[in-house]
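Below you'll find the structure, written out as structure tokens, and then a few comments.
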Amino acid sequence: MVRFDSVGAILYNRDMQEGFPQKKPKNNTLLIVLIIFVVLFLCCGGLIFFGGFVGMTAWRETKGLIHCSAAFQDLHEVVEQYALEHEGKLPPADRWQSELEPYYEARREEYSEMPLLQAMPKGQPWGCYDAKGKPESGIVYNIEVAEQTFETLPGDKVLFFEVPPPPQMNQSLPYTPPAQPAPTILGQKRKWLYITRDSTMPSDSFLGE
């Protein structure tokens with residue numbers, strides 16, 4: 001499962017620190033304060049800068065996968081909501097994204113209040129994008145489940161799966177794991193993502209063998 005605890009804790013601590021104004025040093029202690037600051041910077045500043053640089057680099061490299069994982073989880077909830085309002089049936093293959101778009105709009109409103117997360121683009125093919133907005137993969141609807149009854153599907157039946165780019169609007173295909181390697185994460189291999197009827201998060205593991 002993708003977890004955001006560490007990122008949230010870092011941002012919370014930062015906000016708390018910034019929220020409290022620092023006391024200005026008295027005039028007769030200014031020199032001492034400056035000396036202490038210089039010593040602390042020389043001792044710890046390099047480590048803090050290096051750690052921050054590494055952390056930001058890791059975030060840029062992984063946020064695309066985090067957004068993609070969240071998108072698959074959202075799609076699972078959205079398609080369930082769709083089925084509840086359509087006599088248990090899943091959307092048709094030729095317009096599944098268009099049918100689910102109104103249900104996904106609520107997710108966009110939630111993401112607008114969470115700057116660390118990013119919703120899938122409105123009016124564009126759904127997929128996974130890197131830090132620069134370049135599509136790394138597309139999200140495809142399994143044509144075998146189109147217009148089927150959600151509750152009667154086998155629990156391990158794939159609903160949505162990831163495919164190589166470019167993303168395409170309303171793309172639906174029979175589920176087959178792509179033959180080519182999935183995008184890497186921090187230089188490591190990972191698996192193509194997919195989500196089944198019973199799963200609440202995509203695939204079993206992000207990292208491949």
Side-chain angles (χ1 to χ4, degrees), residues 1-5 62-108 110-111 117-121 124-130 135-186 188-209:
M1 176 181 289
V2 178
R3 295 184 62 85
F4 304 96
D5 297 349
T62 59
K63 73 174 185 177
L65 177 60
I66 292 173
H67 295 157
C68 193
S69 174
F72 273 89
Q73 295 180 51
D74 290 339
L75 281 178
H76 191 277
E77 295 182 15
V78 164
V79 81
E80 279 193 277
Q81 293 175 358
Y82 177 93
L84 287 174
E85 297 184 13
H86 291 79
E87 300 180 344
K89 301 290 185 179
L90 296 177
D94 60 344
R95 59 181 187 277
W96 65 269
Q97 182 179 334
S98 304
E99 292 282 313
L100 296 180
E101 178 66 43
Y103 297 86
Y104 186 74
E105 187 61 32
R107 296 293 185 277
R108 289 198 180 91
E110 294 174 6
Y111 285 134
L117 296 179
Q118 176 180 327
M120 288 188 291
Q124 299 181 36
W126 288 347
C128 303
Y129 296 79
D130 64 13
E136 291 188 333
S137 59
I139 294 179
V140 175
Y141 183 46
N142 185 1
I143 196 171
E144 296 173 353
V145 304
E147 299 184 78
Q148 299 296 310
T149 302
F150 181 83
E151 292 297 333
T152 61
L153 292 174
D156 60 352
K157 191 67 174 179
V158 171
L159 302 178
F160 301 96
F161 57 100
E162 188 184 17
V163 296
Q168 298 180 37
M169 185 75 79
N170 292 312
Q171 186 176 14
S172 57
L173 296 167
Y175 172 65
T176 302
Q180 69 187 74
T184 59
I185 173 173
L186 295 175
Q188 301 296 316
K189 294 180 180 180
R190 73 166 176 87
K191 297 179 180 180
W192 292 104
L193 303 185
Y194 63 88
I195 198 160
T196 66
R197 196 209 73 169
D198 282 355
S199 59
T200 56
M201 62 177 295
S203 70
D204 296 328
S205 172
F206 294 137
L207 297 182
E209 299 177 356

Going through the distances and angles, do Gln97 and Gln171 end up as a side-chain contact (heavy atoms from CB on, under 4.5 Å)?
CA-CA 8 Å; Gln97 182 179 334; Gln171 186 176 14; over 6 Å; no
Taking the six-membered ring for Trp, are the ring centroids of Phe160 and Trp96 within less than 6.0 Å of each other?
yes
Does Met120 form a side-chain contact (heavy atoms from CB on, under 4.5 Å) with Ile139? I'd like the steps, not just the answer.
CA-CA 11 Å; Met120 288 188 291; Ile139 294 179; 3.8 Å; yes
Taking the side chain as every heavy atom from C-beta outward, state whether Leu90 and Leu159 have any pair of such atoms under 4.5 Å apart.
yes
Do the side chains of Lys189 and Pro181 get nearer than 4.5 Å, heavy atoms only?
no
Side chains of Gln148 and Lys89: closer than 4.5 Å at any heavy-atom pair?
no
Any side-chain heavy-atom pair from Val163 and Ser137 closer than 4.5 angstrom?
no
Scanning both residues in full, the closest heavy-atom pair of Glu144 with Pro174 reads OE2-CB, 3.8 Å
Pro135 and Pro167 have their tightest heavy-atom pair at CB-CD, 3.5 Å
Any side-chain heavy atom of Leu75 within less than 4.5 Å of one from Trp126?
yes
Is it true that Glu101 and Arg95 have a side-chain N and a carboxylate O under 4.0 angstrom from each other?
no
Please work out which of the three classes, parallel, tilted or perpendicular, describes the rings of Tyr194 and Tyr175, given edges at 30° and 60°.
tilted
Considering only heavy atoms from C-beta outward, does the side chain of Asn170 approach that of Asp94 to under 4.5 Å?
no
Distance (rounded to the nearest 0.5 Å) between Glu77 CD and Ile195 CD1
9.0 Å
Donor-acceptor contact present, side-chain Arg197 to main-chain Leu153, <3.5 Å
yes
When you measure from the side chain of Trp192 to the backbone of Gln180, do you find a donor-acceptor pair of N or O atoms at a distance under 3.5 Å?
yes
So Leu193 and Arg190, do their side chains get closer than 4.5 Å, heavy atoms only?
yes
Backbone N or O of Asp156 within a donor-acceptor pair of the Thr196 side chain at under 3.5 Å?
no
Are the side chain of Tyr141 and the backbone N or O of Pro91 linked by a donor-acceptor pair below 3.5 Å?
yes
Tell me whether Glu85 at atom CD has more than 12 heavy atoms from other residues, nucleotides or ligands lying less than 6.0 Å away.
yes
If you measure from SG on Cys68 to CD on Glu136, what distance do you get to the nearest 0.5 Å?
8.5 Å
Counting N and O atoms only, with roles assigned by atom type, does the side chain of Arg107 sit under 3.5 Å from a partner on the main chain of Ala71, one being a donor and the other an acceptor?
no
Angle class for the Tyr103/Tyr82 ring planes (parallel below 30°, perpendicular above 60°, tilted otherwise)?
perpendicular
Is Glu162 salt-bridged to Lys191, going by a charged N under 4.0 Å from an acidic O?
no
Could you check whether any side-chain N or O of Asn142 sits under 3.5 Å from a backbone N or O of Val158, counting only pairs where one atom can act as donor and the other as acceptor?
yes
Side-chain contact test, heavy atoms from C-beta onward, threshold under 4.5 Å: evaluate it for Leu173 versus Ile143 and give yes or no.
no
Within the distance-only criterion (no hydrogens, no angle test), does the side chain of His76 pair as donor or acceptor with the backbone N or O of Ser199 below 3.5 angstrom?
yes
